[in-house]
S.K.: 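Structure provided below as structure tokens; questions to follow.
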Amino acid sequence: MREKQYWLFKSEPSSYSFLDLLQDRVAEWDGVRNYQARSFMRSDMRMGDEILFYHSEQGNQAIFGTARVVREGYPDFTAWDSASKHFDPKSNPDNPIWFMVDIEVAETFQRPVTLKEIKDVPQLENMGLLRRGNRLSIQPITETEFDVLILLGRGSD
DNA sequence: GCCAACGTTGGC
DNA sequence: GCCAACGTTGGC
């Protein structure tokens, strides 16, 4: 049996925030147009994988809660919708380029765990999130990193 | 607002 | 296949 994997999803809250996810409960994570992130969703994510939900908003960068994968990778149909801002004419239903997953909200943090705070935790120093210039919107994280962060988010400080 | 880092595009 | 130009992300 494959072990559960852990991920960090970045979102710009003006596009889609954790509050939006709380209201929707389940979200189609469409619009990702980066091959590395695409491959994670198409090939690596499995039902029940756990996700940290990070806002990349300037001045308010923080993790707000967690989610889980509730539908594994399937073609991102917004790519062949010419009315979508994520339209990509190179993708089509017979040969889709882009993939997405569905996620469901899991836990709302008692308090956001800020980027500044994450930088101060020695156990988190290897997170991709902290690497300068890392723009990848979906990143794998370790179980330890996930555990440390949910403890912080639950307010045990 | 600035700009470093990165991914993509396109000319050659 | 190389690489310069360009657009975007995202921290500061």
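Letters go in sequence order (proteins before strands), and every chain restarts at 1.
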S.K.: So, A:Asp76 and A:Arg33, do they make that salt bridge, N to O below 4.0 Å?
M.R.: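 Salt bridge between A:Asp76 and A:Arg33, a charged N being under 4.0 Å from a carboxylate O: yes.
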S.K.: Atom CD of A:Gln36 and atom P of B:dG7: how far apart are they, to the nearest Å?
M.R.: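 Roughly 7 Å, once rounded to whole Å.
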S.K.: Can you spot which of A:Leu8, A:Val69, A:Thr66 makes a side-chain contact (heavy atoms from CB on, under 4.5 Å) with A:Ile51?
M.R.: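 So the option named by the test is A:Val69.
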S.K.: Round to the nearest Å and state the distance from A:Leu136 atom CG to C:dG10 atom P.
M.R.: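 These atoms are roughly 9 Å apart.
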S.K.: Using whole Å, what does the distance between atom P of nucleotide B:dG7 and atom CZ of A:Arg33 come to?
M.R.: 17 Å
S.K.: Compare the minimum distances between each of C:dG10, C:dG11, B:dT8 and the side chain of A:Lys10, then state the nucleotide with the smallest one.
M.R.: C:dG10
S.K.: Rounding to a whole Å, what distance do you find between A:Tyr35:OH and B:dT9:P?
M.R.: 7 Å
S.K.: Does a donor on one side chain and an acceptor on the other come within less than 3.5 Å for A:Asp20 and A:Ser17?
M.R.: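 Side-chain D/A pair, A:Asp20 to A:Ser17: present.
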S.K.: Tell me: CG of A:Asn34 to P of B:dT9, nearest whole Å?
M.R.: 12 Å
S.K.: Centres of the A:Tyr35 and A:Trp98 rings: under 6.0 Å?
M.R.: yes
S.K.: Look only at the side chain of A:Glu104 and the backbone of A:Val26, and say whether a donor-acceptor pair between them is shorter than 3.5 Å.
M.R.: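 No, A:Glu104 side chain to A:Val26 backbone: no donor-acceptor pair under 3.5 Å.
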S.K.: Taking N or O atoms only and anything under 3.5 Å, show me the protein contacts with nucleotides 2-5 of chain B, one pair per line.
M.R.:
none

S.K.: Does the ring center of A:Phe146 lie less than 6.0 Å from the ring center of A:Tyr6?
M.R.: yes
S.K.: Roughly how many Å is it from NE2 in A:His86 to P in C:dT9, rounded to a whole number?
M.R.: 10 Å
S.K.: Give A:Lys119 one of three labels, base, sugar-phosphate or nothing, depending on what nucleic acid heavy atoms sit under 4.0 Å from its own.
M.R.: sugar-phosphate
S.K.: Would you indicate, yes or no, if C:dG11 has its OP1 or OP2 atom less than 4.0 angstrom from a side-chain nitrogen or oxygen of A:Tyr54?
M.R.: yes
S.K.: Rounded to whole Å, how long is the line connecting atom CD of A:Gln139 with atom P of C:dG10?
M.R.: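 Result: 9 Å.
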S.K.: Determine, for A:Glu107 against A:Arg154, whether the closest basic-nitrogen to carboxylate-oxygen distance falls under 4.0 angstrom.
M.R.: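 Here A:Glu107 pairs with A:Arg154 in a salt bridge, since their nearest N and O are under 4.0 Å apart.
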S.K.: Does A:Gln61 place a side-chain N or O at less than 4.0 Å from the phosphate oxygens OP1/OP2 of C:dG10?
M.R.: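 For C:dG10, neither OP1 nor OP2 has a side-chain N or O of A:Gln61 closer than 4.0 Å.
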S.K.: Send over the distance from A:Glu57 CD to C:dC12 P, rounded to a whole Å.
M.R.: 15 Å
